[in-house]
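This is a predicted model, so every value here is computed, not measured. Because only heavy atoms are used, hydrogens play no part in the values below, and waters and symmetry mates are left out as well, while side chains stay in.
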Amino acid sequence: MAIRTIHHLRHHLIHHLKPYHHSCLLLNSSVTPQTTASVLWRSVSHSSSIPETGVGSNLKDSSSKSLSNSSLNQTEVAKFAAIAETWWDYEGPFKPLHLMNPTRVSFIRSTLCRHFRRDPLCHQPFEGLKFIDVGCGGGILSEPLARMGATMTAIDAVDKNIQIARLHAETDPLTSSIEYSCTTAEQMVEEQQKKFDAVISLEVIEHVANPSEFCKSLAALTVPNGATIISTINRSVRSFATAIIAAEYLLNWLPKGTHQWSSFLTPEELVLILNRASISVEEMAGFVYNPLSGEWTLSDDISVNFIAFATKSNK
Amino acid sequence: MRTAFLTLRNRRFVFSSGFIQNTVVRDRLLPRGFCSGSTGEELRSSKSESKTEVDEYDVAIVGGGMVGMALACALSNMPLTKHLKVSIVDSNPALLITDSFKRSSIPDSRVSSVTPATISFFKEIGAWEYVQQQRHAFFSKMQVWDYTGLGYTRYNAKDIGIENLGCVVENKVLLHSLLSCFQSNADLHKSIIPARLSAMSLQSPAPYTKSDLPGTEDNNTRKHSGRLAKLDLSNDSSIYAKLVVGADGGKSRVREIAGLKTTGWSYSQNAIICTVEHDVENDCAWQRFLPSGPIALLPISERFSNIVWTMSHDECLERNSMSPDDFIKSVNHALDFGYGSHPHSSFIDKYIGKVSWFSGQSAYSVKEEFQVPLKVTRLVSERMAFPLSLKHARDYALKRVVLIGDAAHTVHPLAGQGVNLGFGDAFSLSKVIAEGISVGTDIGELSVLKKYEMERKRANMTMMAIVDGFQKAFSVDLGPLNIIRAAGFHGAQYITPLKKNIISYATGEQKWPFFT
Ligand SMILES: Cc1cc2nc3c(=O)[nH]c(=O)nc-3n(C[C@H](O)[C@H](O)[C@H](O)COP(=O)(O)OP(=O)(O)OC[C@H]3O[C@@H](n4cnc5c(N)ncnc54)[C@H](O)[C@@H]3O)c2cc1C
Ligand SMILES: C[S@@+](CC[C@H](N)C(=O)[O-])C[C@H]1O[C@@H](n2cnc3c(N)ncnc32)[C@H](O)[C@@H]1O
């Protein structure tokens, strides 16, 4: 089983991962298919002895919870409820998300423009497309996507987040049409028949109890040939140092205890569990923070923060 | 009123003036009168329709001078920004006049020397063709010297492999070209409001939020609004905008209301500008440093040149009141042998020749002979006098407000950089706004505007320091130090790479002039 998994993954990485070419020149132009694949492959072979346990420990079945909330992790949710007021404080706990936002939006813009064959020079390229932002928080991502023309639905497990998000979106006619509701991906699947052209969930999967179930729900919300975009933090030694120690303890960016390193997924694990949900990852990029300019850029270094663009197979 | 509006609309160009705003005010009052029976929902929809149509903008540019108009043109020209609703607020009657330009007319005395960078910006936004249809003068040579007769430097465009060193254009031609360009791109989303800004509030609640409705006063809505700035205009109307651009010149009202502080000083100097006539054609920009400041003669058309003459207050009073003939005499005196003889290079050549590291090897081959400038024959315009100052805003941006052009910085006109720096601002801000739109940001967000500030502050401060340094070095009589200054000129004349760099900086190619 372990061997099959690795083999499969390797096949997948080599054949399906395209380098991320960014139209705005944010990405280091030296990225080639080889470098992307080899970066991934190095981490795969490095962890070759543990993928089953590594994946397994993260994906353990939480059969004790009711199915509709199977991905909900109550302690995680409580952490976000406690700081909900500060979503739109640019200097507050969510500062890193605000700083990172233009960079991740430009990744989304260019991958989705290509996928849906939209003109990237148009000011509202996503007009007529239905997107859902799962785990939207205060709407930091939902608002830009709405301004870019998408018909937005945005959901979060924390009611307070939804209230803050609604209030903030209301004053701008371009964002006031975002449909916010307090629910989980699983509940959406169960209760509604809605499907979306693109399902986007950024910086959420590391906070859910059951990533595997969560990805299945994302898949169920996606139309055939639709797109899925996920970003998260890698479970690497570097991410432990950067994301947790630096962000939570040294820079005081994030409240202490925001992240639990053991619940992070590696890129290989993410590719794997998405694949099981009939979603194949096509492009991946890393985010690198430059402390001098205070800006994030896209790169082929996926050792800490990374984002994946995937499509749902036409089944 | 309605018909008036439509006629203007048919001209593809909207001048939304007071009367349109008045309609809005009435709309606001009317429903309240007869709507006691109608539902809040009806009230809301009728209100938001009339209002979003009329008085809400993405960008409100206060000041339709050259820089503000350039920004408006750039925004209406780029694919990512052309949908934006832009209004220009300025009561300047020149923005309403669209009469055609007469080539035979005598050139205006307010001119700018535009750099190649400015010209390519104008080409990009489609405004250069209008300049070409009107009047402009390229110059391919530049001669700078001083009254002590010890040094001079002469630049020739062909030495650095370019066609021209610069181009002189009347300010009214630049403004008119930008206006034509704006009108040709304009749709219903673009308008000029002939009024002045009187007050502004940056934290006003959006006009269409729930808080406007009677009985639904909601503190949270107020707290989270501030998504639009409110501008009160001199015609008693108000407009709302996501982003207010202060392009209202050196005495910027936007800067004052926003509380953006400036640093700077005024030079104890004035400048006189005017247009003069001459018999021979002029293809050179001349600048001579006199004891109390430089005098410059810039070609503006075949037979006319522009004078910018910096001097003390007293000299200014005197020269402004003398007869035109006497003034012309003093101009010729100042440009020729007045205050000192022509430069005799041979004296300094001996020293320069000895100090080989100073002259470089290939330097002699590009040496240009000193030329005596042409004689001016007649004063053909009023003499305009104005005080000189250097001023720089410490910050260019707050949330929802940003400064461009002279509102952010004024420099000594010595290097002819004032408006070029402003065009650089307009170009940079338009790009930053487009970038913000491409990632779905609210364009009034500070994070967007700070990018512009970072980019431009560096460029503007570099240029201001250079111009100020030049001015200090050359406007004061340094006595025995004159020889050093002259050697400085000589150095610039002889050392080709350095000269190249100085020229390319002055032509806007944005290079640090001394250390590359
Ligand atoms: C005599 C002189 C000679 C110069 N020579 C040169 C040169 O040779 N080369 C060069 O590059 N630069 C030169 N400069 C500098 C150059 O003219 C300025 O840098 C340039 O005009 C700045 O343009 P602007 O659009 O920022 O401001 P301005 O041209 O000052 O335009 C400001 C506009 O704002 C409007 N306004 C002001 N207040 C309000 C308000 N409250 N509400 C609404 N509208 C308002 C005004 O009506 C005006 O139209 C010279 C300047 C002067 C004064
Ligand atoms: C780090 S925030 C990311 C917010 C937003 N996606 C962004 O990137 O700007 C994680 C969010 O996921 C929400 N969340 C956590 N578990 C969830 C679940 N199972 N279903 C839906 N939302 C969840 C939290 O309430 C929180 O708002």
Problem set entry | Proximity breakdown for Ser176(A) and chain B, heavy-atom pairs closer than 4.5 Å | neither
For this session: Identify the heavy atoms of Leu80(B) and His123(A) that sit nearest to each other, and give their distance.
Result: O-CB, 3.7 Å
Exercise. Between Arg104(A), Arg109(A), Met148(A), which residue shows the highest count of heavy-atom pairs closer than 4.5 Å to chain B?
Worked result: Arg109(A)
Seminar exercise, completed: Ranking Ile437(B), Asp442(B), Val448(B) by heavy-atom pairs under 4.5 Å to chain A gives rank one to Asp442(B)
Exercise. So which heavy atom on Glu56(B) is nearest to which on Pro173(A), and how close?
Worked result: OE2-CG, 4.3 Å
Exercise. Mind checking which of residues 137-145 of chain A sit less than 4.5 Å from chain B, heavy atom to heavy atom?
Worked result: Glu143(A), Pro144(A)
Problem set entry | Any residue meeting side-chain contact (heavy atoms from CB on, under 4.5 Å) with Arg166(A), in chain and number order, not counting sequence neighbours | Ile162(A), Tyr180(A)
Exercise. For atom NZ of Lys450(B), is the number of surrounding heavy atoms from other residues, nucleotides or ligands below 6.0 Å larger than 12?
Worked result: yes
Exercise. Is it the backbone or the side chain of Lys451(B) that comes under 4.5 Å from a heavy atom of chain A, or both, or neither?
Worked result: side chain
For this session: Return the minimal non-hydrogen interatomic distance between Val439(B) and Pro102(A), and the atom names on each side.
Result: CG1-O, 3.3 Å
Exercise. Between Glu295(A) and chain B, which part of the residue has a heavy atom less than 4.5 Å away: side chain, backbone, both or neither?
Worked result: side chain
For this session: Find the one option among Glu445(B), Lys82(B), Glu435(B) whose heavy-atom pairs under 4.5 Å with chain A are most numerous.
Result: Glu445(B)
